[in-house]
Amino acid sequence: MEALLDRLKTRFGVFDFEQKKTYQSFCSVDKLSLVSLVTYLKATEGFKVLVLISVVDWIEDGKFQITYLLNNPELKTDIGIRTFISRDNEEMESIHDLWEHAPTFQREIREMYGINFPGSPRVDESFLLEGWDDIPPMRREFDTKKYSEDTFFPRPGRKTNDPAEYMKQKLYPDEK
Amino acid sequence: MKNKLNILNWKPDRSSFPDMGEDGKPVISLDSEKFIKVWQGPNHPGITGNMSLELTISGDEVVESKTHVGYLHRGFEKLFERRRYIQCFPTCIRMCVPEPDTNEYNLARGVEELDGIEVPEMANWLRMIVLEMARLQVLLRMVPGQAGTMGLGLGVQWGMYYRELILDRMEELTGARIYHMYILPGGVRGLLPDGFKQRLEENLVKIEGFLKDIDKLILHNAVFKKRAIGIGHIPKDWVDQYGIVGPVARAAGYQRDVRKDYPYLYYDQIDFDYNIEHDSDMFARFLVRRKDLETTLDILRQIMAKMPDKGEIRAETPNVLHWKIPKGETYVRCESSRGEYGFYMVADGSEFPRRINLRGPSYTHAIAVLEKLLVNANISDVSAIMLSLATCPPEIER
Amino acid sequence: MMIKDILSPFSAWKKVFDKPVVIKDPINDRPGADRYRGFHKNDIETCIGCGTCEDICENEAIDMIPVEGIETKDGDSGLRPSIDYGRCCWCALCVDICTTTSLTLSNAYNWVEEDPEAYRFTPGVDEKPWQNEEKGWKKPEGNYEFYSLNRVSMEHLHPEERSDSFVEMVKGYSKEQAEKEADRCVECGICTATCPAHMGIPEYIKAIRNDDLEEGLRILYDTNPLPEICGRICTHKCETVCSVGHRGDPISIRWLKRYIADQNPSEKYKQILESESLKKNGKKVAIIGSGPAGLSAAYYLALLGYECTIYEKLSQAGGMMRYGIPEYRLPYDQIDKDINYILSLGVKIVYDTTIGKDIMLEQLEKDNDAVFAGTGLHLGRSTRIDGSDHKDVYQSIEMLRKITQGEEVHVAEKIVVIGGGNVAMDITRSLARLQIQKYGKVQIITTSLETEDIMPADVEEVVESREEGATVMPGWAPQHIEIVDGKIKGLHVAQCLSLFDETGNFNPQCNLENTRFFEGDMVVESIGQGMDLSYLSEDIKEQLEMGPRGRIQVNDVFQTSLPWLFLGGDIIQGPDVIHGIANGHIAARGIDRLLSGE
Amino acid sequence: MAEEKENITGMHDDKFLAPENKKRIVIGPEGEEIHVDPLQDYFCTERPQTSEPRNKTVEKFLNWARAESLWVLGFGTGCGSIEIPPLLSPRFDAYRFGVAMRATPRQSSVIIISGYLAVKTLKRAIRSYEQMQNPKFVIALGSCTINGGMYWDSYNTINRLDHYLPVDVYVAGCMPRPEAILSGFNKLKERIRAGRAEGANEYITNLDWYKANQKKIIKDWNMPDYNW
């Protein structure tokens, strides 16, 4: 793992290297070097399996983190590659030509986060949702509870009391 | 088997119909009236969940297929964002309906890994028992179900009964039939009831008898063989390219089993082997699952022999009502009956998870692989191929 | 294909003669397993309505609703969980976290309705067929807890280290300890109503968890201007009702309060509490006594812009907190920390001034817009048994004051203390320290009417007294003091059978045949204190309306029948610090209402 | 061979309408123009009618017959469908109570909404329900159909089924066990025999209300109002 990291550092400038488990580590890389790094890992280092592509929304930093988790089935090691893209310019290079199932991930991300992957097959088709006209639901600013209450109106007639507040009303209502 | 080779080499004769383009692929135009578009689903096709296939067929052959999912989309990953870690558990188990325990286990393990909690030994053994029982329960549906998709419903009916026996044990141990909610971060929710091992052993003996019946009814069934051998053949080089996992990869000759590759719990203390087949067709996958069933029975017996009788069932954890997990990320995986089942978890130091992303086997099996695999398949084999890939839509859609 | 492949499927025919596995009447023949998670049951007598089940429910399936026949009282909110089966998912997390284990699940699972509105019920209240079902899900046995039941132990000085000095014996929590202890809180808020000052207990505990101690201090000062003092010596009634205490140790709320106060340096108080520039409204209030009630009233009046002057009889502020509580429990510099902050807000103190002697109450009334008196209980009460008028029979309250002031007190080799309250323990432990300093060993017997289980003193006080060498003998009624040659020989006691008669009046009954003799050279009486109202002139006394038990009648804002005179603290309620603080706060509000003419 | 002219002005410009459902003009073999509006042409445009009960005795007999042969549409919409196969397997054997599964809505009289309904599935469930023959009944399983259940705050699942389909019987549980589903069927039988199971008529009577509710959440409404 250490040797691999050195190679990656010099060639692609990865940073924030973290090894959590003996067989799993994470590192970050610049958005522009991502595809070449992934291609290199697949072709040369034996990370032949794409486990997943996942997005984390760091709304407070104005960034999306895209994680590509690759697996080397021979050495039985995982490497997670994080890359950060700006929330204002949500576009990422597609890796659909490297793995056959990558388009599925990208299609879901496009729908759930609104991140575009130009060139990825069927990326603009709706995937899980049908007729969705709100902001992409997995973005942090989308409030699912509010949306649900507005759209699907829960059954009325329920009322709850906070024990402390209720005891106050009952036992010492005069105090502010 | 002589015939088998012939079948493997058999290709449909497309010399006259449909029209072939210059690139050697059929020209698919609905206006040519040589094709019909058939939608399969979203009603359950067989025993998988709601999902629809948009099939373009020519005669009874599929020339193009598209998977449409989203009928079971509940937005789990969004819901997790507003639930505390403990509250994620009742929610997460519903991500995969037939085998909920892998969800519980993965999430619990992720939380434990991120927060550095040691689980007591007894709890780990109990987790293994539940995970293996869950696998057994699913395979008892899936193995005869493979024949069920071809119209042989008897095996399914039998399998359902034996599955019920395991569900009874589940109910006894965990307090529920389907959504067990047994594994929580730090441990499990109860010791084995009195006499549990004995009752489970009785059930295992019955199931062993059932396996013999399955062999007679399905494995040595001329019709099943005819329809399964050579159908749904996955080339070996697809496995890494498509991210194929579990029994499907094992049926293609790859040694892929999370229990052995990345040992978790006490699987390294258990003696079992990869169940490998090489033909990579529907029949090979059936054989792998059929062997998996036997392996599971064997593992369950080993667990019962090795596990201690008493012990702590839960480690001390922070107050679950405001449990903050330190910032970090991890990917945890375990072997479900359908293959590698993983959770990618990101914690941001608050009481709520930042992101929990499920990567189930069906995510690639049911979309990328299935769409390719159905081309040239006979329309009557569609649901059989779907099941042989262990399609489970709820885990795609979440 | 072989012939075997064609024939073997037909072996299924042999099943024709098997016994069918069909269950005849599945609806009635199949009860849930012993542990099955079916419908909810609740033991409403045990339930305290803490709402923890509501907090943990991820589906918001539980509502806390008032139930007829359940009174809201200390430690019981009077609410009971009502469950919406349009939300429930039968995960039983509510059962596992229930603080009293009253909520359980039965193993019944069969409920079919045509009306969706019917799926709401209050278990234990609404009649349901399964409510007496024995089987079902209960909280798993063994070490299975969702929150820790064990209090984070507070570091104490060892009895050997502490028993000869007046150094503070409780060390206080470290950051890790405090956060771990704060983590145990389930945020039910039951304690808030029981605290006389209604402090925002769950809120400041949350501030500790979030490591935001400045916010914590702000919450403390909302209702309590003496957190350092309260954090050490409060009678912590909150902890007696703590819902976590139903199965384990209650949260040590008092120590957590102390932690917040300790961690905030006094020079930052003004900045944290945003009290740097208070506007004056030009009105004046006189306060008699600088005890908790007086200080609390002064603080809140000062915040409202009143000019407050405290008149104190002794030479230092603090009242009973300084003169009644030994230093090892409450160091003087901590008293000063709290008091100095209040004084820094512009509150003036006039020391060594006795009302009624140096200055008359009528004069105060003329000079000020209102008067608040929190004069406390400073007169010792005597047992009035034979021999109690001997010169070597002392009053604990006077002795404690002398010890505080650094005066020499008489310490005999063998001492008997009469009393079972905290003051008795204070004097016992103070005298024990002095005995060690003087004689090198402790020979002190503390006896009380009350038996161990109903002793008013805090359990830890009793335990620590014993650790320090004192003998605590509860359940004995003093009969007479034996005096030989003008010297005390000891105390005769008889076994105490009961304290109250049927009508509830104090009337101890003794078994005179079971007697004991406690040897001692001096006797200290510590059976309670009385109030000294000598500062009230006869004229004023006549105008005041009196209430039961010789106390002066006040209304809900502690206003007497003389509109300008407010009374509070031990003379009205208590005796303890927190009541004094609460009274002072409410009285301050009352005075504000009176003077601002609302 | 028909030819299509595209982008004719004044056509349906609903962005959600699938291409095959859009109004268009087709040129016939002899050059004549045929106006095609699939939503109008392929479905019955007439508003459905309620079916009035016949005379009392006949109706009583019919209700008995209806109650004893409940044919269920094999459409599991949610988690609950995991407990339907056991219901029909040897142990519980629902066939002996007259409950049988059917593959198409045209043959079925009962639809089981087995749990949560994603909006996408709701659309299919409505279509399936509307294609069923009268009288038809709805059984709702689990908390999700009553008040949202587990997914009460999800952006993609409905909270109250009774706003979209007329429900006859609710079964509590998450998921209801096969035994509980059987008692659900028993309750439904009772209701049918008593002549109270008028869901189909109710749906038609309040069609406008149901349609308004459905259209509110199905944003890509691209089907006729009544599918038959």
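All values derive from a computational prediction rather than experimental measurement. Chain naming here is simple, since letters A, B, ... match the order of the sequence lines and numbering starts at 1 in each.
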Stepwise side chain to side chain contact (heavy atoms under 4.5 Å, CB included) test for C:Ile23 and B:Glu164: CA-CA 12 Å; C:Ile23 296 169; B:Glu164 282 287 318; over 6 Å; no

B:Asp168 and C:Arg30: CA distance, side-chain angles, deciding distance, salt bridge (charged side-chain N to carboxylate O under 4.0 Å, His left out) verdict: CA-CA 11 Å; B:Asp168 283 355; C:Arg30 269 175 58 83; 3.8 Å; yes

Between CD1 on residue C:Ile6 and CG on residue B:Asn221, distance to nearest 0.5 Å: 9.5 Å

Rounded distance [0.5 Å steps], CG in B:Leu217 versus OG in C:Ser8: 8.0 Å

Looking at [options], which has the largest count of heavy-atom pairs under 4.5 Å with chain B?
options: C:Ala92, C:Gly32, C:Ser11, C:Cys91; answer: C:Cys91
options: C:Cys57, C:Cys185, C:Gly136, C:Ser148; answer: C:Cys185
options: C:Pro9, C:Gly38, C:Ala33, C:Cys89; answer: C:Pro9

Region of [X] that comes under 4.5 Å of a non-hydrogen atom in chain C:
X: B:Pro193; answer: both
X: B:Ile86; answer: both
X: B:Ile313; answer: side chain
X: B:Trp158; answer: side chain
X: B:Arg189; answer: both
X: B:Glu316; answer: side chain
X: B:Phe89; answer: neither
X: B:Val188; answer: backbone

In terms of heavy-atom contacts, does [atom1] of [X] have more than 12 from other residues, nucleotides or ligands at under 6.0 Å?
X: C:Lys15; atom1: NZ; value: yes
X: C:Asp25; atom1: CG; value: yes
X: C:Lys128; atom1: NZ; value: yes
X: C:Lys180; atom1: NZ; value: no
X: C:Asp18; atom1: CG; value: yes

Salt bridge (charged side-chain N to carboxylate O under 4.0 Å, His left out) evaluation trace for B:Asp213 with C:Lys14: CA-CA 11 Å; B:Asp213 287 342; C:Lys14 75 175 188 215; 3.6 Å; yes

Below 4.5 Å from any heavy atom of chain B, which atoms of [X] appear? Answer side chain, backbone, both or neither.
X: C:Glu141; value: backbone
X: C:Leu7; value: neither
X: C:Asn107; value: neither
X: C:Asp34; value: neither
X: C:Arg184; value: backbone

Which atom of C:Ala12 lies closest to which atom of B:Leu154, heavy atoms considered: CB-CD2, 3.6 Å

Closest contact, heavy atoms only, B:His322 versus C:Glu187: CD2-OE2, 3.1 Å

Between B:Lys216, B:Arg82, B:Arg94, B:Arg177, the one whose heavy-atom pairs under 4.5 Å with chain C are most numerous: B:Lys216

Most chain C-contacting option - heavy-atom pairs closer than 4.5 Å, from B:Thr317, B:Val223, B:Leu173: B:Leu173

Do the side chains of [Y] and [X] get nearer than 4.5 Å, heavy atoms only?
X: B:Arg314; Y: C:Asn143; value: no
X: B:Leu184; Y: C:Leu93; value: yes
X: B:Arg84; Y: C:Glu58; value: no

Residues of residues 206-219 of chain C near chain B, each having a heavy atom less than 4.5 Å away: C:Arg209, C:Asn210

Pair B:Glu171-C:Arg35, side chain to side chain contact (heavy atoms under 4.5 Å, CB included): steps then yes or no: CA-CA 7 Å; B:Glu171 189 186 325; C:Arg35 259 186 218 171; over 6 Å; no

